[in-house]
S.K.: 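To start, I am sharing the structure in question, which I have written as structure tokens.
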Amino acid sequence: MIAVREGWELDVMRSAGRKLAEVVERVREAIAVGITTKEIDQLTEATILALGAKPAFKGYKPGKVPYPASICISVNEQVVHGVPGKRRIREGDLVSLDFGLVYGGYYADTAVTVLMPPGDPLDQALLDGTQEALRIGIAEARNGKRVGDIGFAVESYVTALGFGVVTDMVGHGIGRRMHEEPSVPNYGKKSTGVPLVPGMVIAIEPMITRGGGAIRTLGDHWTVVTSDGSRSAHFEHTVAITPRGPEILTTLDPVPFPQPTIR
Ligand code: MF3
Ligand code: CO
Ligand code: CO
């Protein structure tokens, strides 16, 4: 059964999402050349705790090895689930930051990618294209649409730009658990898949590369990299489907009910 969140539940999820957006802003301000990914993790965790929430990722254990940190930091050819450590951020790095917290029993999940100056123009194009793909995907998250409409919109936009879509990892429902039904792939066919109805809350998260979409996992059991070594970007929002349209929960300036994109 796919959960439908309404009334006070949605209000708690709004609070969780807003807190997570505050964490993103605080951490973005702190990222500079020379900072270690461990230091970014420590700042993330401290900020989550200061807001009265708990890190969602630390100790998360879908397989053998629990995730050891409060943020995922995936640099350059790393796609997702990069583990913080001694690595220092360098000039020109393409850095994906994935944040999660739990507040009042509800999860929020969001990701951004930043490009350290001077930045390769093709990395900037990848970053911009991935962010726009998320926006286009969110515009499909409306009553009467289906999960396949989101995937179709994301996939057709980024492949037209010449980028690769990671298909082995997907977005997801979110609520009392970080990962709930339904799966929200970044590919698909129009008017197929799970119907989207008001009260559903989903994490939409395009993972896009400058090369192909194939990935593999490193020996640390977590870090996912592109098979061809191409650089990758990731943006994610937690989005509620309301009777009036998609509502982005993980933002400081909610644009609650955007109109459908005219194309
Ligand atoms: N935030 C990731 C997602 O978008 C999940 C991270 S799980 C972790 O689904 F354990 F790696 F943190
Ligand atoms: Co995430
Ligand atoms: Co997610």
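Start at 1 and go down the list; that is how both ligands and their atoms are numbered. The figures that follow rest on heavy atoms only: side chains count, while hydrogens, waters and symmetry mates do not.
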S.K.: Just by distance, do the side chain of N186 and the backbone of E205 share a donor-acceptor pair under 3.5 Å?
M.R.: yes
S.K.: Does the residue K58 have a heavy-atom contact with ligand 1, meaning some pair of atoms that are separated by less than 4.0 Å?
M.R.: no
S.K.: For Q78 and V75, indicate whether the former's side chain and the latter's backbone hold a donor-acceptor pair under 3.5 Å.
M.R.: yes
S.K.: What's the shortest distance from atom 8 (C) of ligand 1 to any protein heavy atom, and which residue and atom give it?
M.R.: Y67 CG, 3.7 Å
S.K.: Does any N/O atom on H234 come nearer than 3.5 Å to any N/O atom on ligand 1?
M.R.: no
S.K.: Looking only at protein heavy atoms, which one is nearest to atom 6 (C) of ligand 1, and what is the separation?
M.R.: H81 NE2, 3.7 Å
S.K.: Considering non-hydrogen atoms of the protein only, which is the closest contact for atom 2 (C) of ligand 1, and what is the distance?
M.R.: D98 OD2, 3.3 Å
S.K.: Using a distance threshold of 2.8 Å, state whether an N, O or S atom of H179 lies below it from the Co ion (ligand 3).
M.R.: no
S.K.: Before you tell me yes or no, could you show the steps for T113 and S96 under side chain to side chain donor-acceptor pair (under 3.5 Å), namely the whole-Å CA-CA distance, both residues' side-chain angles and the distance that decides it to 0.1 Å?
M.R.: CA-CA 4 Å; T113 298; S96 295; 2.9 Å; yes
S.K.: Check whether any side-chain N or O of T110 sits under 3.5 Å from a backbone N or O of E236 as a donor-acceptor pair, and report yes or no.
M.R.: yes
S.K.: Going by heavy atoms, is A203 under 4.0 Å from ligand 1?
M.R.: no
S.K.: Can you confirm, on distance only, whether ligand 1 has an N/O atom lying under 3.5 Å from any N/O atom belonging to D109?
M.R.: yes
S.K.: Does any N or O of ligand 1 fall below 3.5 Å from an N or O anywhere on E205, backbone included?
M.R.: yes
S.K.: Grab the two heavy atoms, one from F57 and one from D109, that are nearest each other, plus how far apart they are.
M.R.: CZ-OD1, 4.0 Å
S.K.: Whether the side chain of R146 engages the backbone of G193 through a donor-acceptor N/O pair (distance < 3.5 Å, no angle test) should be reported.
M.R.: yes
S.K.: Between C72 and ligand 1, which residue portion shows a heavy-atom distance shorter than 4.0 Å: side chain, backbone, both, or neither?
M.R.: side chain
S.K.: Would you indicate which of W222, Y107, F57 comes nearest to atom 12 (F) of ligand 1 when only heavy atoms are counted?
M.R.: F57
S.K.: Would you mind naming the N, O or S atom of D109 nearest to the Co ion (ligand 3)?
M.R.: OD2
S.K.: Is there a donor-acceptor pair closer than 3.5 Å between any side-chain N or O of H237 and the backbone N or O of T250?
M.R.: yes
S.K.: Specify which N/O/S atom of E205 comes nearest to the Co ion (ligand 3), by atom name.
M.R.: OE2
S.K.: Got a salt bridge between E132 and R135, using NZ or NE/NH1/NH2 to carboxylate O under 4.0 Å?
M.R.: yes
S.K.: Please confirm if an N, O or S atom belonging to D98, backbone or side chain, lies less than 2.8 Å from the Co ion (ligand 2).
M.R.: yes
S.K.: Identify whether the distance between the nearest side-chain nitrogen and carboxylate oxygen of D11 and R14 falls below 4.0 Å.
M.R.: yes
S.K.: Would you say the ring centroid of Y60 lies under 6.0 angstrom from that of H179?
M.R.: yes
S.K.: I'd like to know whether ligand 1 has F99 as a neighbour, heavy-atom separation below 4.0 Å.
M.R.: no
S.K.: If you count the atoms of ligand 1 from 1 in the order shown, which ones are under 4.0 Å from a heavy atom of E236?
M.R.: 4 (O)
S.K.: To 10°, measure the NE2(H172)-the Co ion (ligand 3)-OE2(E236) angle for me.
M.R.: 120°
S.K.: Any N or O on Y60 sitting closer than 3.5 Å to an N or O of ligand 1?
M.R.: no
S.K.: Does the pair E9/R176 count as a salt bridge with the N-to-O cut at 4.0 Å?
M.R.: no
S.K.: Suppose we measure from atom 9 (O) of ligand 1 to each protein heavy atom; which comes out shortest, and what is that distance?
M.R.: H179 NE2, 2.7 Å
S.K.: Taking all atoms of both residues into account, what is the closest heavy-atom pair of S70 and K58, and its distance?
M.R.: OG-CD, 3.9 Å
S.K.: Would M169 count as a contact of ligand 1 if the rule is a heavy atom under 4.0 Å away?
M.R.: no
S.K.: Is the backbone of G211 close enough, under 3.5 Å, to the side chain of S230 for a donor and an acceptor to pair up by distance?
M.R.: yes
S.K.: Out of all atoms in ligand 1, which are within 4.0 Å of some heavy atom of H172? Include the element for each.
M.R.: 3 (C), 4 (O), 9 (O)
